[in-house]
Amino acid sequence: MAEKTAKQAPVAIRLTSSRATASRCTENQKKERQSSGGDGEMCFGDEWLDDWEDEAILHQAMDDLDQSLKSNSTSVSDSAKSFSPESDTTEKNSGEVSTTICSCSCEISSVTDSVSATEELNEKGVEVSAGKEIAKEGDCKENICQYCQRTIAKRTVSDVATNSSPTKKAKLDLEEETKKFTMDPLRQFKGKYLWVSDLTAQAWCERQLLYDCTGIEGRPVEILETEAMKVGTEMHLKRELEVHTIKQIAVKTKEDKWAIKFLNILSAVNQLLQGGGGGGASRCVVREMPIFGKPFESGAFVVGKIDEIRYNSRDQLEVVEFKTRTKSRTVPSAAQRKTHKLQVMLYKQLFDEAVCGLLKKETILETIGLDPDASVNDEIAAHALMMDLTLPKFGDYLNAMLECFQFLSKIDSLAVEYSSQDDKEPFAVHEHDFDPVWLKDTLDHYNAFWVGEREVEGVDVEEVWKCKYCNYKEACDWRQKMHEKCLSRKSANKVQMKMTK
DNA sequence: ATTGCTCAAAGG
Ligand code: SF4
C-alpha cells in the first residue's frame, strides 16, 4: 500500500505564482518524491491550475497540512479552523449580496406584484442603473433589492432605448418577460448554470435549497458550514494534493477561468491516457477533474468536479466519489446514498457525453457566454506551452479540451468510498449500477423546478426526520403543509374507523 | 459592452 501511494503520489507541492518560494512541499511529500523519483513512471503534467483569489487561504491550508502530516495527533479540527472557505462567506457578507433577497419581497412569490414593481421602476427609468454601487453598501434604498434593481433596470433601459413610447405590445412583452423571469429560479438564483452539488442538495431537500437562496421571509440567511463539512473539505484537499500540485493563477476574465478548467481537463485526460492499457493502469489516478455539460441535452447546464477517476479491475475507467463520515464507520442513510448515487451517475453522464462528442462547443460558448476569440492571459498560455500546447485563442483551448475526450472511453463503473473522519480510514465502498432512465427522470423533475414549471417541494413524509437537522424547520412552509396534511389524514382515518364500527 | 453572472463540494 505504501509503495503504491508513493508511486501514485509523486509530487504534492503547491506552487504559487507570485511568491519567491517557487515550490513548497511537506516533509512527507518530499520523502514520497524522493522515493519515487527517477523511476520514469510518473504521470507528467501533474501540475494543476487554480484560480483561487485568496492566496492566504492556500498558504494556510498548506501550513496546516504540514502540521497535520508531521504529527498525526494534531486534531483535524484545528487545521480545519484555519482552512475553510471563509472567503466565500466573507465575500457574500460584505460585497455580493446578489443571491439573497431583501425585504422588498420581490421574489418569485407573486407575478402581479413584481409586474407592478416593474412599472414603478419604469417611471424612474435609468436612475436605478447605479444599483451596483448602492447595493454594495448593503442598503436597500426604497425597499428595492439589489437583484431587482439590476435586472429591471436592464430591461427598462433597453425598452426605452428601442422604443421611446412603449406600445401596448411592448408592455405586454415586458410583462411576459417579467413573468418568465419571476418563475425562473435558475436565472434568478443561480445564473447561467447549476453545480452538481446544487442538484445533490436538491435531492436532499429542494425546499431547503430554495431557502438557502431566498432566505427566510426575505431576510438573508447565513449558509451554515458545519464542523463535519470543514473536516470533509480538509480531507478532500489532502487527497487531491496526493496526486498533483496546484499552481495559482491570477485571473480577470471568464475566458481565463474556463481556460484553466480546460487545461486541467487536458492534464487529467493526458494522465488517464498514459496510465491506461495494461500494466500501468493501476497506478493512474486523477482527482478533482472538472466536468460540465448539459446532461441528456436538456435542462440546465451543469458544472462539477469529479473526485477521482481511476482504472478498475477490468482496466476500465471508474468514477470514485469520496465521502467522509463523522460517526465512525456508520453506513449512511438511504437518503444520503441517494444523493451520492445521483452525484456519481451525473458525473458519468457528463463525462460520457463529452467522450461521445455530445458536449458541443456552441453549447458551452452560448450558455456561459464566452468569446472564442478572446485571448488568454500569459501565465495560462505559458502553462499550456509547458504542456506542449500552442493555443492562440480561447476557442483553441475549448477545441483542444473537446478533442482530447475523443481518445477516452466511457466510464465503466461507479463507486462511492466512505471514510471515517475519526481515524481517516476508508471503511466501505458502494458500487452503483448506472441507471440512465432513473437519472434522466430525476433530472427532468429537478429541472422542472429550476425553470419554474412546478412549485418547490420539500421532503416526503417518510423523510421528515431530515427537518430535524434543518435550519429552516421553524419557518418552513412545506413542513407546515405536511403537518396539516397528516392531521387531516388522521381525522379522516378516525371518521373512517367510526363508520366501519 | 453602460451593467455583471459562481472554485465546487464539504455532511446530514
Ligand atoms: S424543514 Fe424539512 S421540508 Fe423544510 S426545508 Fe427543512 S428539511 Fe426541507
Side-chain angles (χ1 to χ4, degrees), chain A residues 48-54 57-58 80 83-85 87-88 91-92 95-96 98-99 126 128-133 135-136 146-147 149-158 161 186-201 203-205 208 223-237 239-240 246 248-249 251 253-254 256-258 260-261 264 288-292 301-307 321-327 330 332-340 343 347 367-371 418-419 421 459 463 465-471:
Chain A
W48 282 29
L49 305 186
D50 204 316
D51 58 0
W52 281 9
E53 269 146 38
D54 195 342
I57 291 179
L58 274 169
F83 173 73
S84 68
S87 61
D88 272 356
E91 235 171 53
K92 263 169 206 149
E96 292 293 316
S98 56
T99 52
V126 196
V128 288
S129 63
K132 199 162 185 181
E133 278 69 37
K136 247 193 181 146
Q146 180 195 16
Y147 194 77
Q149 278 177 343
R150 284 209 207 153
T151 35
I152 292 173
K154 205 177 198 168
R155 298 222 163 88
T156 312
V157 174
S158 69
L186 173 61
R187 202 124 306 150
Q188 186 168 11
F189 302 116
K190 294 291 166 184
K192 293 184 199 294
Y193 55 84
L194 295 173
W195 288 329
V196 171
S197 57
D198 288 326
L199 291 163
T200 56
W204 183 260
C205 176
Q208 186 184 62
I223 313 280
L224 81 163
E225 194 198 25
T226 61
E227 193 59 32
M229 288 159 100
K230 285 182 192 170
V231 176
T233 306
E234 171 85 359
M235 287 172 69
H236 269 78
L237 179 62
R239 292 191 78 152
E240 178 183 359
I246 298 177
Q248 249 189 298
I249 301 273
V251 292
T253 64
K254 264 190 302 185
D256 284 349
K257 282 189 181 175
W258 283 85
I260 287 176
K261 282 200 218 316
N264 285 340
E288 303 292 319
M289 173 179 166
I291 194 74
F292 36 81
F301 194 88
V302 181
V303 179
K305 260 185 194 172
I306 303 177
D307 260 358
E321 174 64 28
F322 305 131
K323 294 291 168 198
T324 69
R325 307 276 302 156
T326 47
K327 284 189 216 100
T330 51
S333 66
Q336 279 161 323
R337 293 202 305 270
K338 179 186 151 192
T339 69
H340 304 161
Q343 198 172 354
Y347 287 146
T367 21
I368 316 296
L370 297 161
D371 174 13
Y418 296 98
S419 299
Q421 290 197 357
V459 297
E463 293 192 330
W465 54 268
K466 285 179 182 174
C467 305
K468 202 168 69 185
Y469 302 95
C470 177
N471 266 12

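Model, not experiment: these values are computed from the prediction. All heavy atoms count here, side chains included; hydrogens, waters and symmetry mates do not. Protein chains get the first letters and strands the later ones, always in sequence-line order, with residue 1 at the start of each.
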Whole Å only: how far is the [atom1] atom of [X] from the [atom2] atom of [N]?
X: Trp204(A); N: dA9(B); atom1: CH2; atom2: P; result: 18 Å
X: Phe322(A); N: dA10(B); atom1: CZ; atom2: P; result: 10 Å
X: Asp256(A); N: dC5(B); atom1: CG; atom2: P; result: 12 Å
X: Tyr347(A); N: dA9(B); atom1: OH; atom2: P; result: 4 Å
X: Ile223(A); N: dA9(B); atom1: CD1; atom2: C1'; result: 14 Å
X: Glu240(A); N: dA9(B); atom1: CD; atom2: C1'; result: 12 Å
X: Ile291(A); N: dA9(B); atom1: CD1; atom2: P; result: 11 Å
X: Glu227(A); N: dG11(B); atom1: CD; atom2: C1'; result: 12 Å

| message | For the C1' atoms, the ones on dT3(B) and on dC7(B), what distance do you get once it is rounded to whole angstrom? | response | 23 Å
| field | is_close_aromatic(Trp195(A), Phe292(A)), centroid dist under 6.0 Å | value | no
Using a heavy-atom cut-off of 4.0 Å across all strands, would you classify [X] as base, sugar-phosphate, or nothing?
X: Gly232(A); result: sugar-phosphate
X: Asp307(A); result: sugar-phosphate
X: Lys323(A); result: sugar-phosphate
X: Thr324(A); result: sugar-phosphate
X: Phe301(A); result: nothing
X: Tyr418(A); result: nothing
X: Lys466(A); result: nothing

If you check every side-chain atom of [X], which of [options] has the closest atom?
X: Lys257(A); options: dA10(B), dG12(B), dC7(B); result: dC7(B)
X: Thr326(A); options: dA9(B), dG12(B), dC5(B); result: dG12(B)
X: Gln336(A); options: dC7(B), dG12(B), dG11(B); result: dG12(B)
X: Trp195(A); options: dA9(B), dA10(B), dG11(B); result: dA9(B)

Side-chain N or O of [X] closer than 4.0 Å to phosphate OP1/OP2 of [N]:
X: Lys254(A); N: dC5(B); value: yes
X: Ser197(A); N: dA9(B); value: yes
X: His236(A); N: dA9(B); value: no

| field | Residue mapping more 5' on DNA chain B - nearest nucleotide basis, Asp198(A) or Trp465(A) | value | Asp198(A)
| query | Given that Leu194(A) and Glu321(A) both sit by DNA chain B, which one's nearest nucleotide is further toward the 5' end? | reply | Leu194(A)
| query | Can a donor-acceptor pair be found between the side chains of Ser333(A) and Gln336(A) at a distance below 3.5 Å? | reply | yes
| message | Any donor-acceptor pair under 3.5 Å linking the side-chain atoms of Gln343(A) with those of Lys323(A)? | response | yes
| message | How long is the straight-line distance from CD of Glu321(A) back to CG of Asp307(A), given to the nearest 0.5 Å? | response | 4.0 Å
| message | I need the minimum non-hydrogen distance between Gly304(A) and Val196(A), along with the two atoms involved. | response | CA-CG2, 3.8 Å
| field | Aromatic ring pairing Tyr418(A)/His340(A), orientation class (parallel under 30°, perpendicular over 60°, tilted between) | value | tilted
| Does any N or O donor sit under 3.5 Å from an N or O acceptor when you compare the side chain of Glu463(A) with the base of dG12(B)? | no
